[in-house]
Colleague: 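There's a structure below that I have some questions on.
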Amino acid sequence: MITRYRPYILQTIYAIVRHQKDAEDLSQEVWTRIYFSLPRYERKGLKTWMTRIAVNRAIDFKRATSRRKEDSVAEFEERLSSAGPAPPEQSVEQEVLMRETTEFVRHKLHQIPANYQDVLLAYYIHQ
């Protein structure tokens with residue numbers, strides 16, 4: 001059963017998450033869920049039943065990833081805003097340059113693909 005449906009399940013998950021490595025990891029998890037859910041299977045539409053499990057898991061993963069990204073961006077913006085005003089020794093020009101740079105970085109961060117955003121946030125924000 002697994003060898004027959006493995007490519008189909010992987011393709012279904014990939015269509016939702018759009019990242020090969022995540023799709024492969026989720027595929028393994030989906031096969032585990034299918035195995036443990038077999039006692040509840042009602043003997044009708046095996047492929048449909050397995051597809052539903054795969055789709056639900058992929059959607060859950062995508063939601064969780066989206067929430068993590070939003071939380072990371074919010075945390076990043078909070079850190080920038082909590083930095084407070086510039087110390088007295090900094091000139092107004094330096095403060096304006098810092099603010100413009102921050103806005104530029106935020107703007108560029110939102111333009112890059114999600115998987116690259118995750119990497120940059122993980123490395124520079126979460127260390």
Side-chain angles (χ1 to χ4, degrees):
M1 176 174 82
I2 292 176
T3 55
R4 180 176 178 187
Y5 292 109
R6 177 181 283 147
Y8 173 75
I9 294 294
L10 181 63
Q11 180 182 7
T12 301
I13 295 169
Y14 180 80
I16 295 170
V17 298
R18 295 285 184 203
H19 189 266
Q20 185 66 31
K21 191 69 171 162
D22 289 338
E24 291 169 0
D25 292 343
L26 286 171
S27 176
Q28 292 297 316
E29 186 178 329
V30 164
W31 284 110
T32 303
R33 286 183 181 207
I34 289 171
Y35 176 77
F36 287 114
S37 298
L38 279 174
R40 293 183 301 239
Y41 174 58
E42 297 175 0
R43 305 271 186 242
K44 25 184 172 165
L46 177 66
K47 189 175 180 181
T48 304
W49 178 72
M50 291 188 316
T51 302
R52 192 79 249 148
I53 292 172
V55 166
N56 287 341
R57 181 60 191 111
I59 290 171
D60 289 346
F61 174 81
K62 191 137 178 145
R63 283 183 190 144
T65 303
S66 176
R67 270 189 237 116
R68 277 195 307 266
K69 190 184 336 171
E70 289 171 5
D71 291 345
S72 296
V73 170
E75 181 182 326
F76 174 68
E77 289 175 349
E78 186 178 304
R79 283 186 185 179
L80 288 176
S81 65
S82 69
E89 63 270 3
Q90 279 190 338
S91 69
V92 173
E93 180 182 350
Q94 288 173 324
E95 187 176 332
V96 169
L97 286 173
M98 181 60 115
R99 204 172 289 142
E100 287 176 353
T101 303
T102 301
E103 287 303 314
F104 177 76
V105 169
R106 283 183 188 157
H107 177 72
K108 290 298 183 185
L109 185 63
H110 290 292
Q111 289 181 338
I112 62 175
N115 54 335
Y116 293 119
Q117 285 181 18
D118 294 341
V119 170
L120 290 173
L121 289 171
Y123 184 79
Y124 289 104
I125 306 303
H126 302 292
Q127 286 128 11

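Along the sequence shown, residues are numbered consecutively beginning with 1.
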Colleague: Assigning hydrophobic clusters by single linkage (Ile, Leu, Val, Met, Phe, Trp, Tyr; side-chain heavy-atom cutoff under 4.5 Å), is Val30 placed with Leu10?
Modeller: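 Per the 4.5 Å side-chain linkage, Val30 and Leu10 are not co-clustered.
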Colleague: Measure from NZ or CZ of Lys47 to the centre of the six-membered ring of Tyr5 and say whether it is under 6.0 Å with the direction within 45° of the ring axis.
Modeller: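 Ring-cation test returns no.
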Colleague: Between CG of Asp25 and CD of Glu29, what distance do you get to the nearest 0.5 Å?
Modeller: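 It is 9.0 Å, given to the nearest 0.5 Å.
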Colleague: Once rounded to the nearest 0.5 Å, what's the spacing between atom CD1 of Ile2 and atom OG of Ser27?
Modeller: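 Rounded to the nearest 0.5 Å, the CD1-OG separation comes to 9.0 Å.
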Colleague: Can you name the residues that form a side-chain hydrogen bond (donor to acceptor under 3.5 Å, both in side chains) with Arg18, not counting sequence neighbours?
Modeller: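 If we apply the side-chain hydrogen bond (donor to acceptor under 3.5 Å, both in side chains) test to Arg18, skipping adjacent residues, there are no hits.
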Colleague: Please lay out, stage by stage, how Glu103 and Arg99 fare under the test salt bridge (charged side-chain N to carboxylate O under 4.0 Å, His left out).
Modeller: CA-CA 6 Å; Glu103 287 303 314; Arg99 204 172 289 142; over 6 Å; no
Colleague: Just by distance, no angles: are the side chains of Tyr8 and Thr51 close enough, under 3.5 Å, to form a donor-acceptor pair?
Modeller: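 Yes - a donor-acceptor pair under 3.5 Å links their side chains.
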Colleague: Hydrophobic clustering (ILVMFWY, side-chain heavy atoms < 4.5 Å, transitive) - are Val17 and Met50 grouped together?
Modeller: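 Same cluster: Met50 reaches Val17 through Ile, Leu, Val, Met, Phe, Trp or Tyr contacts under 4.5 Å.
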Colleague: Could you go through the side chain to side chain contact (heavy atoms under 4.5 Å, CB included) check for Met98 and Gln94 one step at a time?
Modeller: CA-CA 6 Å; Met98 181 60 115; Gln94 288 173 324; over 6 Å; no
Colleague: Which value, rounded to the nearest 0.5 Å, describes the distance between Arg33 atom CZ and Asn56 atom CG?
Modeller: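 Nearest 0.5 Å value for the CZ-CG distance: 9.0 Å.
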Colleague: Would you confirm whether Thr101, through its side chain, and Leu97, through its main-chain N or O, come within 3.5 Å as a donor-acceptor pair?
Modeller: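 Here the side-chain-to-backbone pair exists.
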Colleague: A side-chain contact here means heavy atoms from C-beta on lying under 4.5 Å apart; do Thr65 and Lys62 qualify?
Modeller: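 Thr65 vs Lys62: side chains apart.
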Colleague: I'd like to know whether CD of Glu93 has more than 12 heavy-atom contacts from other residues, nucleotides or ligands below 6.0 angstrom.
Modeller: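 Atom CD in Glu93 is not crowded, with 12 or fewer foreign heavy atoms closer than 6.0 Å.
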Colleague: Go through the side-chain N and O atoms of Ser37 and Arg40 and say whether any donor and acceptor fall under 3.5 Å apart.
Modeller: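 Yes, Arg40 and Ser37 have a side-chain donor paired with an acceptor closer than 3.5 Å.
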Colleague: Find the distance between CD1 (Ile16) and CG (Asp60) and round it off to the nearest 0.5 Å.
Modeller: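 Going from CD1 on Ile16 over to CG on Asp60, the span is 10.0 Å.
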Colleague: Please answer: with hydrophobic residues joined when any side-chain heavy atoms are less than 4.5 Å apart, are Ile53 and Ile9 in the same cluster?
Modeller: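 Yes, it is one cluster - the side chains of Ile53 and Ile9 are joined through contacts under 4.5 Å.
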Colleague: Could you check whether Gln20 and Glu24, counting side-chain N and O atoms only, form a donor-acceptor pair closer than 3.5 Å?
Modeller: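 Looking only at side-chain atoms, Gln20 and Glu24 do form a donor-acceptor pair, the distance falling under 3.5 Å.
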Colleague: Kindly write out the residues that satisfy ring pair (Phe, Tyr, Trp, His ring centres under 6.0 Å) with Trp31, not counting sequence neighbours, or none if the list is empty.
Modeller: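 Trp31 satisfies ring pair (Phe, Tyr, Trp, His ring centres under 6.0 Å) with no other residue.
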Colleague: State plainly whether one hydrophobic cluster holds both Ile13 and Trp49, where clusters connect Ile, Leu, Val, Met, Phe, Trp and Tyr through side-chain heavy atoms under 4.5 angstrom apart.
Modeller: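 Yes.
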